[in-house]
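Notes to accompany the following structure.
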Amino acid sequence: LARMLVQWLGASNVHWCEAEVELYRHSGYVAEFWNTASNLVFVIVGALGVRRCARMRLPASFAFTQSMLVVVGFGSMLFHATRTWAGEVLDEVPMCIMALGYMWCVDGVHAVTRGAARRASYACVVGL
């Protein structure tokens with residue numbers, strides 16, 4: 001099944017050390033078991049953060065950023081479990097979007113998100 005997914009979705013170009021040493025060692029369905037399992041922390045913490053944002057009635061930027069942490073967790077789980085290009089994209093793109101969310105959270109509060117530096121800061125984050 002895992003090999004069929006790689007053929008269907010395309011293999012990833014990134015090779016972490018676990019992939020070189022322990023690829024499919026713990027399960028025939030999960031390529032990098034410990035990298036996959038450790039991403040549950042992002043999902044749990046993000047979900048708790050979304051709940052806390054709602055309970056405290058925080059601005060939408062905070063809820064958005066916490067929800068992106070959940071998406072990053074699931075995307076990273078998919079990437080490390082399948083080692084596919086599609087998984088890699090679903091891992092990395094949400095991280096970039098989450099960075100924008102953090103910028104949104106401090107918009108106008110921090111020196112790099114005020115005045116003349118604001119446009120340059122956002123351009124840097126979007127450019128990454």
Side-chain angles (χ1 to χ4, degrees):
L1 177 66
R3 297 192 198 297
M4 285 175 33
L5 275 173
V6 170
Q7 287 177 347
W8 184 56
L9 298 173
S12 170
N13 296 322
V14 178
H15 298 283
W16 302 108
C17 57
E18 185 180 17
E20 301 299 324
V21 182
E22 297 190 349
L23 198 62
Y24 296 104
R25 181 175 181 185
H26 300 286
S27 169
Y29 300 102
V30 179
E32 301 172 6
F33 181 80
W34 293 112
N35 277 344
T36 303
S38 67
N39 283 292
L40 281 174
V41 173
F42 292 105
V43 174
I44 293 167
V45 169
L48 291 172
V50 169
R51 187 172 143 221
R52 184 171 186 239
C53 288
R55 194 172 52 237
M56 295 179 69
R57 295 189 176 131
L58 294 175
S61 60
F62 289 85
F64 171 79
T65 304
Q66 292 299 315
S67 63
M68 286 310 301
L69 188 59
V70 174
V71 173
V72 166
F74 282 124
S76 194
M77 285 173 74
L78 179 67
F79 169 56
H80 291 289
T82 63
R83 304 270 306 131
T84 60
W85 181 82
E88 183 179 345
V89 169
L90 291 173
D91 179 28
E92 294 171 2
V93 170
M95 286 183 204
C96 295
I97 296 169
M98 188 172 67
L100 277 173
Y102 283 119
M103 293 281 293
W104 186 21
C105 287
V106 296
D107 190 42
V109 176
H110 194 276
V112 299
T113 60
R114 274 195 315 249
R118 183 175 188 261
R119 183 173 289 168
S121 298
Y122 277 97
C124 276
V125 171
V126 170
L128 292 176

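Not measured: the values here are computed from a predicted model. Below, each value reflects all heavy atoms present in this structure, side chains not excepted, and no hydrogens, waters or symmetry copies.
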Flag yes if Val45 and Tyr102 sit in one hydrophobic cluster, no otherwise; membership is Ile, Leu, Val, Met, Phe, Trp, Tyr, and two members link when side-chain heavy atoms are under 4.5 Å apart.
yes

Between Val43 and Val70, the two heavy atoms sitting closest are O-CG2, 3.7 Å

Which atom pair, heavy atoms only, marks the closest approach of Ala111 to Ala117?
O-CB, 3.9 Å

Smallest heavy-atom separation, Ala63 atom then Cys53 atom, equals N-SG, 3.7 Å

Any link between Met98 and Phe42 through a network of hydrophobic side chains (Ile, Leu, Val, Met, Phe, Trp, Tyr) touching at under 4.5 Å?
yes

Does Val72 offer a backbone N or O that forms a donor-acceptor pair with the side chain of Ser76 under 3.5 Å?
no

What distance separates His80 NE2 from Glu88 CD, expressed to the nearest 0.5 Å?
9.5 Å

Measure the shortest side-chain to side-chain distance between Tyr122 and Leu100 over non-hydrogen atoms and say whether it is less than 4.5 angstrom.
yes

Does Arg119 CZ have over 12 foreign heavy atoms under 6.0 Å away?
no

Under a single-linkage definition using a 4.5 Å side-chain heavy-atom cutoff for Ile, Leu, Val, Met, Phe, Trp and Tyr, are Leu58 and Met103 assigned to the same hydrophobic cluster?
no

Is there side-chain contact between Leu69 and Gln66, with heavy atoms separated by less than 4.5 Å?
yes

Provide the closest heavy-atom pair for Val50 versus Ser67 in the form atom of the first, atom of the second, distance.
CG2-N, 3.5 Å

Side-chain (Asn39) to main-chain (Asn35) donor-acceptor, under 3.5 angstrom:
yes

Do Met77 and Val93 sit in one hydrophobic cluster, given that two such residues count as connected whenever their side-chain heavy atoms are within less than 4.5 Å of each other, even indirectly?
no

Flag yes if Val106 and Phe62 sit in one hydrophobic cluster, no otherwise; membership is Ile, Leu, Val, Met, Phe, Trp, Tyr, and two members link when side-chain heavy atoms are under 4.5 Å apart.
no

Side-chain touch Phe74/Leu90, heavy atoms, less than 4.5 angstrom
no

pair Val112-Arg118: side-chain heavy atoms closer than 4.5 Å:
no

